[in-house]
Amino acid sequence: MEHRHVGRTGLRVSRIGLGTLTWARDVGEREAADLLKAFWEAGGTLVDTADVYADGGAEHLLGRLLGDLVPRRDVVIATKAGSVPDPDRRVDCSRGHLLAALDASLERLGTDYVDLWQIHSYDPVTPLEETLQAVDTAVRSGRARYAGVAGFCGWQLAKAAAWQLAAPGTRAPLAATQLEYSLLQRGVEREVLPAALDLGVGLLPSSPLGRGVLTGKYRGGAPPDSRGASERLAPFVSPYLDEAAARIVDAVATAADGLAVTPLQVALAWVRDRPGVAAPVVGARTARQLDEALSVEGLTLPDEICRALDDVSAPVHRYPDHDWSTL
């Protein structure tokens, strides 16, 4: 698998990442082992997790699989901290909480360091400078090789990245930002992606298949074994089952038919090759899903297909993105 630099840093990752959101919850140890082994054998390196996935279970499961199954040196571990299971305070990016969470992640993962440590969400009640001091401490101590953020909007990313760049040599530049990005969700193109490109931050798209909808499996209704048919996850999928999404899914299916590939391959290749993208993170739950995602490695969409998909999925950005006189 081809590898890419993450932003303007020396960190290199496979251009498809493996997500672990469902590990230790919907995906058991045997299935996770099969996924990780197949991903590694295909040349994949980036494995994305978080301390809140399955209440730490995903990290613990990944840690058990490293070493014996896959060499630790061959895996770029990206984890996150800052989200907390507290209904009264969903985010805690205080220095104390973040550094304690990092130590707990390292213990669960069974490693001395993570390759990429990400602040999981913006904390409106903790000064951003305090949050970023925790990032600097983590990198200086060697517990994190690189740092990033997740779920930051445009101004939040720009403020954090600019702050880190303002003191070269003393603060750790942000390598990555993680947000949802797909043909069904192009909101990052409004401000987040321009900020990331300008400040040298690489984008790691989550849900690159539109929460599974872009595979086309919901065109005839929700399959019984799908997230859309799950009582717990149906609300996660339902926003992308409207008429506007259906038109985009139809266009993806038409492109796939013309190229003799699958809708999944078309949708994933599109987001993988967007400007600023380092590696979309695929949350495969089965070996078959992962195999299909990995098969996109040899696919590059023709320019005319990309333009057609761009047009049919174009988000509505008016003022101030376009001059007021054109409105």
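Counting from 1, the numbers follow the sequence of the chain as shown.
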Quiz item: Pro173 versus Thr9: any side-chain heavy-atom pair under 4.5 Å?
Solution: no
Quiz prompt | Cluster overlap Val282 with Val13, hydrophobic side-chain contacts below 4.5 Å | solution = no
Quiz item: Within the side chain of Asp115, is there an N or O that forms a donor-acceptor pair under 3.5 Å with the backbone of Ala78?
Solution: no
Quiz item: Same cluster or not: are Leu204 and Phe39 linked, directly or through other Ile, Leu, Val, Met, Phe, Trp or Tyr residues, by side-chain heavy atoms under 4.5 angstrom apart?
Solution: no
Quiz item: Between the side chain of Arg272 and the main-chain N/O of Val296, is any donor-acceptor distance below 3.5 Å?
Solution: yes
Exercise. Apply the test side-chain contact (heavy atoms from CB on, under 4.5 Å) to residues Phe152 and Lys159: give CA-CA distance (whole Å), side-chain angles for both, the deciding distance (0.1 Å), then the verdict.
Key: CA-CA 10 Å; Phe152 278 39; Lys159 182 178 180 181; over 6 Å; no
Quiz item: Can you tell if the side chain of Arg274 reaches within under 4.5 Å of the side chain of Asp310, non-hydrogen atoms only?
Solution: yes
Quiz item: Is any side-chain heavy atom of Glu180 less than 4.5 Å from a side-chain heavy atom of Arg211?
Solution: yes
Quiz item: Relative to Trp163, does Arg171 satisfy both conditions: NZ or CZ under 6.0 angstrom from the six-membered ring centre, and within 45 degrees of the ring's axis?
Solution: yes
Quiz prompt | Min side-chain heavy-atom separation Tyr53-Arg25 under 4.5 Å | solution = no
Quiz item: Which distance, rounded to the nearest 0.5 Å, do you find between the CG of Leu203 and the CG of Leu193?
Solution: 6.0 Å
Quiz item: Would one find more than 12 heavy atoms of other residues, nucleotides or ligands at under 6.0 Å from atom CZ of Arg73?
Solution: no
Exercise. Compare all side-chain heavy atoms of Val213 with those of Leu241 and state whether any distance is below 4.5 angstrom.
Key: yes
Self-check item: Ionic contact status for Arg15 with Glu297, cut-off 4.0 Å
Solution: yes
Quiz item: Going from NZ on Lys37 to CG on Leu290, what distance comes out if it is rounded to the nearest 0.5 angstrom?
Solution: 13.5 Å
Quiz prompt | Thr111 and Leu66: CA distance, side-chain angles, deciding distance, side-chain contact (heavy atoms from CB on, under 4.5 Å) verdict | solution = CA-CA 9 Å; Thr111 184; Leu66 291 176; 5.8 Å; no
Self-check item: Derivation of the salt bridge (charged side-chain N to carboxylate O under 4.0 Å, His left out) call for Arg4 and Asp273
Solution: CA-CA 11 Å; Arg4 292 173 172 170; Asp273 295 334; 3.0 Å; yes
Exercise. Any chance you could measure Ser207, atom OG, to Leu184, atom CG, to the nearest 0.5 Å?
Key: 10.5 Å
Quiz item: Between Asp136 and Arg95, does at least one N-O distance fall below 4.0 Å, as a salt bridge requires?
Solution: no
Practice problem: Please say whether more than 12 non-hydrogen atoms of neighbouring residues, nucleotides or ligands are located less than 6.0 Å from CZ in Arg190. | Solution: yes
Quiz item: Same hydrophobic cluster for Val6 and Leu174, using side-chain heavy-atom links shorter than 4.5 Å among ILVMFWY?
Solution: no
Self-check item: Distance in Å, Glu292 CD paired with Thr286 OG1, rounded so as to fall on 0.5 Å steps
Solution: 9.5 Å
Quiz item: If we only count heavy atoms from C-beta on, is the Val52 to Asp55 side-chain gap below 4.5 Å?
Solution: no
Quiz item: Considering residues, nucleotides and ligands other than Glu107, do more than 12 of their heavy atoms fall under 6.0 Å from its CD?
Solution: no
Quiz item: Taking all atoms of both residues into account, what is the closest heavy-atom pair of Ala255 and Ile305, and its distance?
Solution: CB-CG2, 3.9 Å
Self-check item: Test log, rule side-chain contact (heavy atoms from CB on, under 4.5 Å), inputs Leu179 and Leu157
Solution: CA-CA 11 Å; Leu179 279 169; Leu157 172 64; over 6 Å; no
Quiz item: Roughly how far, to the nearest 0.5 Å, is the CG atom of Leu62 from the CG atom of Leu36?
Solution: 6.5 Å
Self-check item: Non-hydrogen side-chain atoms of Trp23 and His60 separated by less than 4.5 Å
Solution: no
Exercise. Could you tell me whether the side chain of Ser121 and the main chain of Val91 form a donor-acceptor pair under 3.5 Å?
Key: no
Quiz item: Does one side chain, of Thr79 or Glu59, offer a donor that lies under 3.5 Å from an acceptor on the other?
Solution: yes
Practice problem: Step through the shown structure and confirm whether more than 12 heavy atoms of other residues, nucleotides or ligands are within 6.0 Å of CG on Asp112. | Solution: no
Quiz prompt | Check: Gly43 main-chain N/O paired with His3 side-chain donor or acceptor under 3.5 Å | solution = yes
Practice problem: Calculate, to the nearest 0.5 Å, the distance between atoms CG and CG belonging to Leu259 and Leu299 respectively. | Solution: 6.5 Å
Self-check item: Sub-4.5 Å side-chain heavy-atom contact between Leu98 and Trp117
Solution: yes
Quiz item: What about Val27 and Val237, same hydrophobic cluster or not, with Ile/Leu/Val/Met/Phe/Trp/Tyr joined at side-chain heavy-atom distances under 4.5 Å?
Solution: yes
Exercise. Could you check Leu214 against Ile248 for side-chain contact (heavy atoms from CB on, under 4.5 Å), going step by step and ending with a plain yes or no?
Key: CA-CA 8 Å; Leu214 285 166; Ile248 297 171; 4.3 Å; yes
Practice problem: Could you tell me whether the side chain of Arg145 and the main chain of Leu11 form a donor-acceptor pair under 3.5 Å? | Solution: no
Quiz item: With distance as the sole test, does Arg219 use its side chain to make a donor-acceptor pair with the main-chain N or O of Val249 at under 3.5 Å?
Solution: no
Self-check item: Hphob cluster co-occupancy, Val139 + Leu102, side-chain heavy atoms under 4.5 angstrom
Solution: no
Quiz item: So, does Gln265 use its side chain to make a donor-acceptor pair with the main chain of Thr262 at under 3.5 Å?
Solution: yes
Quiz item: Does Asp48 use its side chain to pair, donor to acceptor, with the backbone of Gly19 at less than 3.5 Å?
Solution: no
Practice problem: Please check if the side chain of Lys80 supplies one atom and the backbone of Thr49 the other of a donor-acceptor pair under 3.5 Å. | Solution: yes
Quiz prompt | Side chain Thr45, main chain Val76, donor-acceptor under 3.5 Å | solution = no
